[in-house]
Each structure stands twice: as C-alpha cells, then as structure tokens.
Enquirer: 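Structure below; questions to follow.
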Amino acid sequence: MGSGVEARKGRSDGLVALLFLIPLLFFYGLYYLYAFGFLAQVSRQRVSLTFVNAVNVGWDNFRLVATDPLFRRSVLNTLLFAGISICAALTVGFLLAMMISTGVRGRKLLYGIFLLPSLIPLSLFATVFGQMLETKDGAFNSLFRAVGLPGLQQDWLGNTGSGYAAVAILLVYLIGLPIMYYTSDVTSINLSLIESATIDGAGTWQIFRLMLFPLLRNTHKTVILSVLLGSFRAFDVIFFSTGGQPGGRTSITGTYIYNAALGNDRVGYAAAASLIVLVIALLISFGQLLLTRKDR
Amino acid sequence: MRTMGRGRLVALAAGVLATALTTSACGNSGGVGGGKTAAQDTSAKVTLEYWTWFPAQATLDKVISAYEAKNPNVTIKLHEYSNADYQKQLPLALNGGQKVDIAGVQVSAMTNTVRTQLRPVSSWESNLPSGWRSQLEAKPVQQTEQIASDKTLYSIPMGSIGSAFMYYNAAMLTKYGVAVPKTAADLAAAAAKIKAAAPGVTPVVFAGDPYWQEETLFTLVGQTSPGLSDTILHGNGKWNDPAIVQGLTEYKSLFASGAFDKSVLSLKAPRPTDLFTAGKAAFYIDGSWNDSLLSAAYRTANKIGLADVGATTVPVVAANGQPAARAFAEGGLAIPKSSTHVDAAAKFIAYMTVGAGVDLWAPDLVLSPAKKGYTPSSAVLNSPAATAGYTAVSTAINNAGSSRDSQQDFLTQVEGNSILDVLNGTKTPQAAADYMQSEWASGRYPHGGK
C-alpha cells in the first residue's frame, strides 16, 4: 500500500516537474536548438541573407575558414586578449576590490571609475576610446604633449605594437565586473581569520597574498571563466575602438565573423566560422568543468 | 529506479522537442519565404508601404506630402532605416513575407540580395510614362540592369553617386591665397602653405577606415587605367596588376610629399566630416554624397559655419594621368512581389524618378539625378565655387571610367587592410598587391577570382 501511494506521489511529482519544465524547454529549444540547427544547416551552404537559392557546398566553408590566416589570428587574438583581461582582473581587479572592501579613502570614486564601463553601452565606451587614439587630436597623445612628454606620442593604430598596447589599456580598464564579484564574495570570508592573522603579526600584503587571495579561490574561477567566455563576445569592444587596426591585426573572432558576413552569399561562410568559434568556446568551458571537478 | 524512469521521461520529452526543433530548423533553411507574387488589392483608397534608407526623412516627408496632395486616394506609409541596418532589414522582411509596395534598393550592395523577391521592371513598366527610359541617363539604368546576376532590371535608379572627390573650404583657400590644386604637386604645395599659415588646421582629411582606402586607390589607378577597377572586380583582372602596384606607390607618395599627413589615417568616419565642417580642415576627400555641403541652405540648416564650399576631382598624381572617378547608379526603386498595389507603386516611382518629385529631393544634392537635364537652382548653389564644384562632380560621374563597385567582404578583410599596410610602411606595394591577389583567388570570396 505504502509503496503504491509513494509511487503515485512520485509520478505526480514527476508530471508537475515536467509541467514546470515545459516552458523552459520550449524557450530553450526555440532560442538555442533551433538557432544551432539552423546555423549548422546554413554553414554547409553558399547563401545570402534571404536564404533562398542556397547551394550546398559540403565542408568547403569549414575548410576555407580553418585555412584562413586571418581567422587563426582572430582566434589567437581572442585568447590573448582574454589572457590580458584575466591577468588584469586577478591582479589589478583583485587589489582594487580589496582596497574598496577595506574602506580605503576615495573607494566610492574608485568603484565608480572602474564600474562606469559596465554601466554604459560598451559600444559607446569603445567609440569614445577609439577617438582617444587619434594621432593628432586624440586624448592620449594630447596628454603626453601637455605633460611635456611628446616623445611618448604614438601612432596608436599605425603599428602592431601600439595597436595591441591600446587594446590592453582598454581591457585593463574593463575590470568592473570582476571587481564586483570580488567585493561581493569578500564579505563571505570569516573575519575572525583575518583578526587572528593580524594578532599573529601578519602585514597587509601578507593578508592579501596569503589569506584573501587563496580564500577567494572560487571567485577567481568565476572571474576566469566569465572573462574568458566574455572575450568571445567582445565584438563591440574591438569593433568600435581599434576596428581591428592596424591592418586587421587586432581583429577578434567577433569582428572576423561580422566582416565575413558582409559579402554576397557569405552567410554560410560566416555561419561556419561561428560554429568553429562555438566549438572552441565549448571546449574551453568543458576544460574548465573538468578542472573544477578535479579540485573537488 | 522509478525516479530514474521519470527522469528518462523528462529527458525523452526534452529530446523529442530538441530533435523536432533542430530538424525543423534544418528543414526550413534554404526555402523560407519563397517570393510568391501577391494578388492585387483593387480598393479605391490605397496605402503604400514604402521601405527605404534614402533620402533623408525630412526630404521624403516633403515629397510624400506633395504626392499625397495630388493623389488624395493614396497614402504612403514610410519606413526609413539607417544605411547599414537597411541592408539586413529589407532582405529579412521580404523573405519573411512582409508586405512592401515600394522598396528602395542600394543598387550595388543589395540588388542581388533581394532580386528574387522583386518584380522585374518589365512587369510593371506599362504603368510608367511612355518613353520613361529616354528621360533618364542611359548609364545608371544600364548599370542597374547589369548588376543583377540575371541581367534583369529590377529597380529604377533615382541617380548616381561617385567617388573620390575633393571638397574644399573655399573661404579658407581665398584667405591663405591657395589655388584649387590640380596635381599632386599643387596639393603638396597647398598643404605646406596651409600648415604654415594655420598650424591648427589639418590640410587634407579623409577616412582612415579600411573601406575608404579602396575609393582613393581606384581613383588614383583610374587616372591612368580608367577601367581597371571593373576588370578586376568582374574577375577578369588581377590585384597584382602593375597598375595597382603603381597606384599603391602613388598613394603612399602623397604622404611622403606632405600632401597628406599620416595622422589622418587614425581618423574614423565621421570624424573627417566633423573636422571639415568645423573649419579644422581645408580639404576633405570623400564621395559625391557630400555635394550637399556645396549648398548654403544645407549648411545653414545643419549649423555648418563654412562660408563657401567648392569641390573638384582628386589631384592627378602621374604625369600622364587624367582626373578620374568611379560612379554607380544608386537609389533604385523597386516593387516587391509582396506588393498588393503594383499600379499605384509604379506611379509613385515614376514621380520620384522622372516626375516632379525629382525637383523636391534632388536639391539635397546627395545623388546626381538620373533624370536628364536636372540643374540645381541658384538658390541651392549660390557661389562660383559651389557651381563649379557641382559641375566638376557631375561631369566626372557622367564620364566615370569604372563603376563604383566593391566586394564588401574582400574589402573589409583583405583589401582595405593591405592598402593601409602599404601606407603604414608594413608592406611594400608589390607584397600587398600579391597578397590581395592570393586571397582573391583563394576561394574564400565567392564572387572573386576564378
């Protein structure tokens, strides 16, 4: 009897769960699986935005994308820029977050300065930054002239080194979200640990390095993964700041795919590039998942 | 065990849904829309859905009001988009079965993207005034027909645009005693004079974006090889043709001579326009769509404080060169298959292309009208520099050696960046030309090399 009632209750619970899940499954299916299926289909075609008169080209689009040196550069740039962002987040971002959390003077100003890019559209922020890179009237070179250091002026978008430096400056400034993660998670640390360390004579730097940094290990993981995957969606940051200059050398996967889709009948090619990027991003997520499991 | 079973049930439901959606996604692509020809609505009162990106909304409102006043049974509902958005919005709308009665078509950029959703002009030209073709310049109509991959006329062009041209601050040149340059040497001398007299002014500005570099390169190449742009873009020539290498060399030489300042390459559109209209640049190299700057009324309406503006062709670089420009039909007006008011739509298109509507939109000077014999009034062009500028631009457009055409994906990924590499000293002209040719022939750009 008892087991029969339990079984009925269990079935009923399952149905309720299914009812709750159906809307989610529907939207998941609609927005993701349909899109992925469509992308996979189109990636093997030569077709325009109207999606009529499609010509099946097999794996040609994938072969052409994979052998394009510009695509390979864009993937490497994406990973490089992600690396720069992660380093900035784990160092500058972490230190700023700790300073803000420990009640240093001017913390609200600091918080505001670094959070600002996260509060306004990135396209607007990147456009303003792009204008700051102008050789003659740009803010950076004007500043160098104003402080008597004209020798530091750069043709920011005229050579590869300064182009990468410009992107790095921009990325270092875009650490508002990691700072938020850290300031939020640091409140969960048991303060008695810090107090004990202080009583035992630990200095500020030792507390930062030997206690807070290891204690926020899980936050580091969140920051690393979010920044890494976010770098695959950083189209607006690059498109509106350097525009991929000089000579396309600061292009990332997002700008590559956007430009690839501009020609006639190029939607399939762009879809193939998107799928390859998607696979790379999934592999990174999968790798992170494995590492996290190992830690447990 | 039972819980596992129900888990499987949920998973199965999710799987079925996922498979169904994925399959339907795969099944539908390639055949969405279909371009069915809509049946006609014969009501006396007609509302025409007009989609376009050009001309400016204020101008179109004026034209539409005038047309509706003369045709009380017709209401025109305007849907205007920005240039870049429109290239995506119109194909998607037509493909989705959206009812559109009149569609503006960017002749070069969009004809082949949307042609399967458009009615050929031959199917509705009976609603146009007889002899409509003879009222239009032959070249833009021919270009509109030839750009379609099936060589069919799908739209009637409102006019043409061309590039590159050099606009100048006529009042500034007069102030500093600078003559309008005709050669590269003249331009270098003018730039030196302006730099010395007004250090805060950049003598020549233009967009440093990759897309613009093609315009300047082919203008310089066209000075000695007028048809080469067409030859290459039609797949009959090579990007490492000696004339291209020479063009790249000439372009770079303009920086070496001081005619152009390298800092200009860091300017992104629309910064060059801002600098010129603010009086911070003496010359502005861009396309004929900037003819509006010649109009004092336009400058006043847009709060541009320049007293007088002129225009000329880009100075000739090679000793044996001739002034050159590339031009192409623009502002095509078409009737989509989804239109339910073909007769009324055709009559409005006639009004906009060969009728009185031209006199209402053409004074904006964005397009050189395809309608024969159009001349802006003295109220629009009220100075000798403006009048001479308009004539110089119109003449160059009518005598253009090549079509103003490009292959956008190749331009943004390869060509523009290669030209910039030459100007920045990263590549030699020959290396850049060879790289462009190898990519053109790589198969990555479907309408490129054979």
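Everything numeric in this text was worked out from a predicted model, so none of it was measured.
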Enquirer: How about A:Arg73 and A:Ser251: does a side-chain donor come under 3.5 Å of a side-chain acceptor?
Expert: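 On atom types as modelled, these side chains do not qualify, holding no pair under 3.5 Å.
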Enquirer: I want to check something: taking the side chain as every heavy atom from C-beta on, are B:Thr202 and B:Val264 in contact at a cut-off of under 4.5 Å?
Expert: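 The answer is yes, as the side chains (C-beta and beyond) meet within the 4.5 Å cut-off.
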Enquirer: Kindly state whether the ring of B:Trp239 and the ring of B:Tyr435 have centres lying under 6.0 angstrom apart.
Expert: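 Centroid separation for B:Trp239 and B:Tyr435: 6.0 Å or greater.
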Enquirer: Does any heavy atom of chain B fall under 4.5 Å from the side chain of A:Asp155, the backbone, both, or neither of them?
Expert: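 When you check distances to chain B, only side chain atoms of A:Asp155 fall under 4.5 Å.
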Enquirer: Heavy-atom pairs under 4.5 Å with chain B - which of A:Thr255, A:Asp68, A:Leu24 has more of them than the others?
Expert: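 Among the listed options, the one with the most contacts to chain B is A:Asp68.
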Enquirer: Thinking salt bridges, do A:Arg249 and B:Asp421 make one under a 4.0 Å N-O criterion?
Expert: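 Yes, charged N to carboxylate O under 4.0 Å.
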Enquirer: If you count heavy-atom pairs under 4.5 Å between each of A:Leu157, A:Thr67, A:Asn159, A:Val65 and chain B, which one has the most?
Expert: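 Of the options given, most contacts go to A:Thr67.
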Enquirer: Please look at B:Arg444 and chain A and tell me whether the side chain, the backbone, both or neither of the residue comes under 4.5 angstrom of a heavy atom of that chain.
Expert: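 Looking at B:Arg444, backbone and side chain both touch chain A.
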Enquirer: Give, as side chain, backbone, both or neither, the part of A:Thr160 having an atom under 4.5 angstrom from any heavy atom of chain B.
Expert: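 When you check distances to chain B, no heavy atom of A:Thr160 falls under 4.5 Å.
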Enquirer: Using non-hydrogen atoms only, which part of B:Glu439 is less than 4.5 Å away from chain A: side chain, backbone, both, or neither?
Expert: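 Side chain only.
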Enquirer: Taking the side chain as C-beta and beyond, is there a heavy-atom pair between B:Tyr251 and B:Gln213 under 4.5 Å?
Expert: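 Result yes, sub-4.5 Å side-chain heavy-atom pair found.
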Enquirer: Given that the side chain runs from C-beta out, which part of A:Leu70 has a heavy atom under 4.5 Å from chain B: side chain, backbone, both or neither?
Expert: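 Side chain only.
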Enquirer: Ignoring hydrogens and angles, state whether a donor on the side chain of B:Gln106 or B:Ser108 is under 3.5 Å from an acceptor on the partner side chain.
Expert: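 There is no such pair (donor and acceptor under 3.5 Å, judged by atom type) between the side chains of B:Gln106 and B:Ser108.
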Enquirer: By a 4.5 Å heavy-atom criterion (distance strictly below it), what part of A:Phe240 contacts chain B: side chain, backbone, both, or neither?
Expert: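 The backbone, not the side chain.
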Enquirer: Only pairs of heavy atoms separated by less than 4.5 Å count here; which of A:Pro69, A:Gly248, A:Gly244, A:Gly138 has the most with chain B?
Expert: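 Most heavy-atom pairs under 4.5 Å with chain B: A:Gly248.
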Enquirer: For the pair A:Trp59 and A:Phe62, name the ring-plane relationship: parallel under 30°, tilted 30 to 60°, perpendicular over 60°.
Expert: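 It falls in the tilted class, 30° to 60°.
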Enquirer: Which bit of B:Lys280 comes within less than 4.5 Å of chain A, counting heavy atoms only: side chain, backbone, both or neither?
Expert: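 The answer is neither part of B:Lys280.
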Enquirer: Of the backbone (N, CA, C, O) and the side chain (C-beta and beyond), which part of B:Thr113 lies under 4.5 Å from a heavy atom of chain A, both, or neither?
Expert: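 The answer is both parts of B:Thr113.
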Enquirer: Charged N to carboxylate O under 4.0 angstrom, B:Lys195 versus B:Asp261?
Expert: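 Here B:Lys195 pairs with B:Asp261 in a salt bridge, since their nearest N and O are under 4.0 Å apart.
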Enquirer: Looking at B:Gln87, B:Met110, B:Arg271, which has the largest count of heavy-atom pairs under 4.5 Å with chain A?
Expert: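 Heavy-atom pair counts peak at B:Arg271.
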Enquirer: Let's test your reading of the structure: which of B:Ser442, B:Gly416, B:Ser263 forms the most heavy-atom pairs below 4.5 Å with chain A?
Expert: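 Heavy-atom pair counts peak at B:Ser263.
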Enquirer: Using non-hydrogen atoms and a 4.5 Å limit, figure out which bit of A:Ser74 sits close to chain B: side chain, backbone, both or neither.
Expert: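 Neither; nothing under 4.5 Å.
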Enquirer: Is A:Ser48 in contact with chain B via its backbone, its side chain, both, or neither, using a 4.5 Å heavy-atom distance?
Expert: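 Side chain only.
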Enquirer: Need one label for B:Leu92: side chain, backbone, both or neither, based on atoms under 4.5 Å from any heavy atom in chain A.
Expert: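 For B:Leu92, the contact with chain A is made by the side chain alone.
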Enquirer: Taking only Lys NZ, Arg NE, NH1 and NH2, and the carboxylate oxygens of Asp or Glu, determine whether A:Asp60 and A:Arg63 approach each other closer than 4.0 Å.
Expert: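 Salt bridge: yes.
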Enquirer: On the 0 to 90° scale, with breaks at 30° and 60°, tag the A:Trp156-A:Phe140 ring pair as parallel, tilted or perpendicular.
Expert: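 The arrangement is tilted - the two ring planes meet at 30° to 60°.
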Enquirer: Where on A:Tyr32 is there a heavy atom nearer than 4.5 Å to chain B: the side chain, the backbone, both, or neither?
Expert: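 Contact with chain B: none, neither part.
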Enquirer: So, A:Asp265 and A:Gln45: side-chain donor and acceptor under 3.5 Å apart, yes or no?
Expert: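 No, A:Gln45 and A:Asp265 have no side-chain donor paired with an acceptor closer than 3.5 Å.
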Enquirer: With a 4.5 angstrom heavy-atom cut-off, which part of B:Leu90 approaches chain A: side chain, backbone, both or neither?
Expert: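 Contact with chain A involves no heavy atom of B:Leu90 at all.
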